[in-house]
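Working notes, structure below.
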Amino acid sequence: SRGLGDVYKRQRFMSGNVTIIGCPKLDEGSYTDKLAAIIAANDITSVTVARMEVPCCGGLERTAAEACAQSGKDIPFEVVTFAVNGDVIG
């Protein structure tokens, strides 16, 4: 069963937001151009990357940062890092 922490995380990061999920280790190609086009073409006011502490998730963070820059929009960019046990650590 899911604990209260799972409910909080779902509300904090997904409720009322558009959620895009990806894995740079398992997916082919880069998300940068596609994500930049999404940001540029829509009324997006901020980007939050919720990632795990594992090294491969750093690629997702870099991709999102590059896409924000490539979009031409100056919007807030935040990264939230989760430990492998689910705790927010940064």
Are the side chain of Glu53 and the backbone of Val84 linked by a donor-acceptor contact shorter than 3.5 Å?
yes

Side chain to side chain, Val18 and Ile38, heavy atoms closer than 4.5 Å
no

Please indicate whether Lys73 has more than 12 foreign heavy atoms, meaning atoms of other residues, nucleotides or ligands, lying under 6.0 Å from its NZ.
yes

If you group Ile, Leu, Val, Met, Phe, Trp and Tyr by side-chain heavy-atom gaps below 4.5 Å, do Ile75 and Val79 land in one group?
yes

Rounded distance [0.5 Å steps], CD in Glu66 versus CD in Glu61:
11.0 Å

Could you go through the side-chain contact (heavy atoms from CB on, under 4.5 Å) check for Leu35 and Val47 one step at a time?
CA-CA 11 Å; Leu35 188 54; Val47 171; 5.9 Å; no

For the residue pair Pro24 and Cys56, what are the closest heavy atoms and their distance?
CG-O, 3.2 Å

Please indicate whether Asp87 has more than 12 foreign heavy atoms, meaning atoms of other residues, nucleotides or ligands, lying under 6.0 Å from its CG.
yes

With sequence neighbours excluded, residues passing side-chain hydrogen bond (donor to acceptor under 3.5 Å, both in side chains) with Asp43:
none

Can you give me the closest heavy-atom contact between Met52 and Cys57, atom names plus distance?
O-CB, 3.4 Å

Locate the shortest heavy-atom distance separating Phe13 from Thr19; write the atom from each residue and the value.
O-OG1, 4.3 Å

Please lay out, stage by stage, how Val80 and Arg12 fare under the test side-chain contact (heavy atoms from CB on, under 4.5 Å).
CA-CA 11 Å; Val80 178; Arg12 162 70 171 88; 4.3 Å; yes

Can you name the closest pair of heavy atoms from Ser71 and Ala36 and give their distance?
CB-O, 3.6 Å

With hydrophobic residues grouped by side-chain heavy-atom distances under 4.5 Å, do Ile39 and Ile20 end up in a single group?
yes

